[in-house]
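Just below is one structure, and these are the notes that go with it.
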Amino acid sequence: MSQILVENLTKTFRVSRRAPGLWGSVKGLLRRDVREIRALDGISFSIGRGELVGYIGPNGAGKSTTVKILSGILVPDSGRVSVLGHVPWMDRIEYVRRIGVVFGQRTQLWWDLPVIESFDLLRDIYSVSPDRYRLMRDRLIEILELGELLNITVRQLSLGQRMRCDLAAALLHEPELLFLDEPTIGLDAVSKLAVREFIRRLNQESGVTVILTTHDMDDIEALCRRVLVIGDGRILSDGTLSDLRASVTRERWLTVDLAEDVPMVCITDPDAQVIRQEGRRFFLSFDPQRIAVADVIARIAQNYPVHDLFVENPPIEFIVARIYAERARSAVAGRPQ
Amino acid sequence: MKKYLAILRSRFQTLLQYRTAALAGIGTQLFFGLVRMMIFDGFFHSSTQSQPMTSAQTVTYIWLGQALLLLTLFDVDKEVAALIRSGNVAYELTKPADLYAMWFARAFSGRAAPLLMRSVPIFVVAGLFFDLRPPASVTAGLLFLLSASVALVLSASMVVLITTTLLWTISGQGISRLAPVLIFFFSGIVIPLPFFPDRIQRVVDFLPSRGLIDTPLRIYIGHLGGSAALLAMAHQLAWVLTLLLIGRIVLMRGLRKLVIQGG
């Protein structure tokens with residue numbers, strides 16, 4: 001059963017533009033050039049209970065517009081949305097009680113309060129019963145290792161500490177659904193791993209449905225089985241990570257390190273192209289449906305003094321960048337002359 | 001209701017920690033009290049006409065006004081203003097609470113906490129050293145406390161309304177700059193309202209700003225007694241209800257713009 005159902009969602013913003021320079025400002029006083037920007041152009045998808053879905057797209061693609069509509073703070077122009085049986089923007093207060101939101105760029109804690117008092121305040125705002133609250137709070141404090149942070153005011157926390165506290169804050173009322181908007185932005189490597197591990201556990205152990213928007217493809221790779229790619233207000237791709245890969249390219253990458261005690265040679269091979277070279281390290285790409293992995297490796301090892309080699313999938317960044325680029329190209333091609 | 005009280009309490013406790021600001025405020029307010037007292041002293045000595053308030057009443061009015069200054073010294077709620085400017089205000093809507101009630105609770109404690117910290121010491125100092133007299137009667141004293149409490153609510157409702165206008169004038173240079181100055185002037189804090197010229201007296205009596213300072217103070221000194229006092233408090237209450245309603249409507253319209261236009 002789907003928890004989130006989105007059908008044909010559209011949203012247009014009106015922005016007034018001003019010609020540049022002083023003259024432009026003067027003209028702007030008399031007449032505003034109002035332009036419409038189509039942020040969402042007919043988006044449909046559905047997400048089931050307990051899924052962990054990555055929602056990615058370049059800046060301005062419509063990611064946060066979607067998340068804002070789904071979390072009840074923006075009203076769409078048209079389309080149907082049903083989340084947990086609610087229309088988010090219609091019965092906002094009842095609805096937001098059942099969801100959790102974390103926006104990486106801002107905190108929902110109170111700047112001048114100690115963390116624990118922010119938590120207590122959220123208990124009152126969400127009307128959580130004292131017993132459930134204590135249970136959940138203690139569990140979150142333990143998993144996220146917040147014990148030592150509780151009496152520090154929020155403004156004194158580091159970004160990583162703050163994000164851990166924010167995650168806890170969003171979950172105190174035991175939401176069934178969690179929206180995470182760039183939860184790892186600006187975090188150091190250790191904090192990133194901690195946040196990822198927590199999200200994974202939350203989803204697996206508590207069955208909380210998670211929608212994750214991010215620019216960090218490592219987040220996606222580590223967490224999401226399903227990825228929605230949005231661009232120019234449309235869904236470009238919806239499926240598992242391997243589907244996404246397959247839809248863009250079948251190619252594999254072969255990295256070869258040549259032995260150091262031999263004169264430098266350049267690798268050439270009929271079935272594999274060199275896409276990059278760093279000293280004695282060569283990056284080749286090949287199509288595994290045209291030539292078997294073992295054959296490429298055997299041939300290269302035979303022809304060149306190989307010190308080390310390994311085969312991998314192109315990184316997800318590469319895949320996504322290519323989707324975006326193809327999208328941009330087709331947009332240019334489709335534009336009337 | 002409990003959630004809004006919780007916000008109010010927590011904000012109140014936070015603000016009580018700003019002791020240095022309170023001390024500085026007490027110093028400034030005492031200083032300006034002395035200046036104003038000297039001005040009116042000069043005024044009473046140089047004038048032979050009969051005045052709407054006695055010299056003793058005026059001195060008490062001035063000092064009590066200094067004690068309650070924060071009821072009328074306005075600024076927009078800085079944190080809410082920052083939220084609006086950055087466009088983050090939309091995220092306030094992800095909390096299961098009425099936004100107006102939340103902002104009102106914040107504004108109320110934002111007024112009440114510093115007011116409490118400054119008014120009592122100024123009241124005591126002025127009472128001991130500067131001729132601040134006790135209230136005209138026990139009834140006047142009790143009515144004053146009631147009226148000052150209503151003034152606090154009135155003050156908070158004005159803060160919310162003025163802050164809400166930022167949803168339209170993002171730079172914060174419009175109404176949010178002008179209104180506080182006007183409210184300040186017409187509250188009685190600069191010149192007690194009975195001293196205003198007869199011609200504009202009626203306008204001044206009608207405006208809500210009178211309910212912030214002038215009404216409670218004149219009840220205290222006995223300048224408004226009996227039915228006049230009750231009438232003045234009815235005026236205060238009527239404005240409280242009106243401003244709460246207007247504030248709610250304005251916020252609703254601002255939010256509609258926000259949820260349609262995305263801030």
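In what follows, chains carry the letters A, B, and so on, assigned in the order in which the sequence lines appear, proteins first and then strands, with residues in each chain numbered from 1. Everything quoted here is computed from the prediction, not taken from an experiment.
Contact annotation for A/Arg97: both backbone and side-chain heavy atoms come within less than 4.5 Å of a heavy atom of chain B. Heavy atoms of A/Thr153 lying under 4.5 Å from chain B are absent altogether. Using a 4.5 Å cut-off between heavy atoms, A/Phe103 contacts chain B through its side chain alone, with no backbone atom that close. Heavy-atom distances place no part of B/Leu15 under 4.5 Å from chain A, backbone and side chain included. Interface remark: A/Glu94 contributes no atoms to any contact with chain B (heavy atom separation under 4.5 Å). For a residue to count as touching a neighbouring chain, one of its non-hydrogen atoms must lie under 4.5 Å from one of that chain's; by this rule A/Val75 touches chain B with backbone and side chain alike. Using a 4.5 Å cut-off between heavy atoms, B/Ser10 touches chain A through backbone and side chain atoms alike.
Salt-bridge check for A/Arg98 with A/Glu174: failed, with every basic side-chain N at 4.0 Å or more from each acidic carboxylate O. Salt bridge annotation for A/Arg162-A/Asp166: present, with a cationic side-chain nitrogen under 4.0 angstrom from a carboxylate oxygen. The pair A/Asp41-A/Arg234 counts as a salt bridge, with a side-chain nitrogen and a carboxylate oxygen less than 4.0 angstrom apart.
Contacts of residues 110-123 of chain A with chain B at a heavy-atom distance below 4.5 Å involve A/Trp110, A/Asp112, A/Leu113, A/Glu117, A/Leu121, A/Leu122, listed in sequence order.
Qualifying side chain to side chain contact (heavy atoms under 4.5 Å, CB included) partners for B/Asp98, counting only residues two or more places apart in sequence or in other chains: B/Tyr4, B/Tyr100, B/Ala101, B/Arg248.
Side-chain contact between A/Thr213 and A/Ser64 is absent, with no heavy atoms from C-beta onward closer than 4.5 Å.
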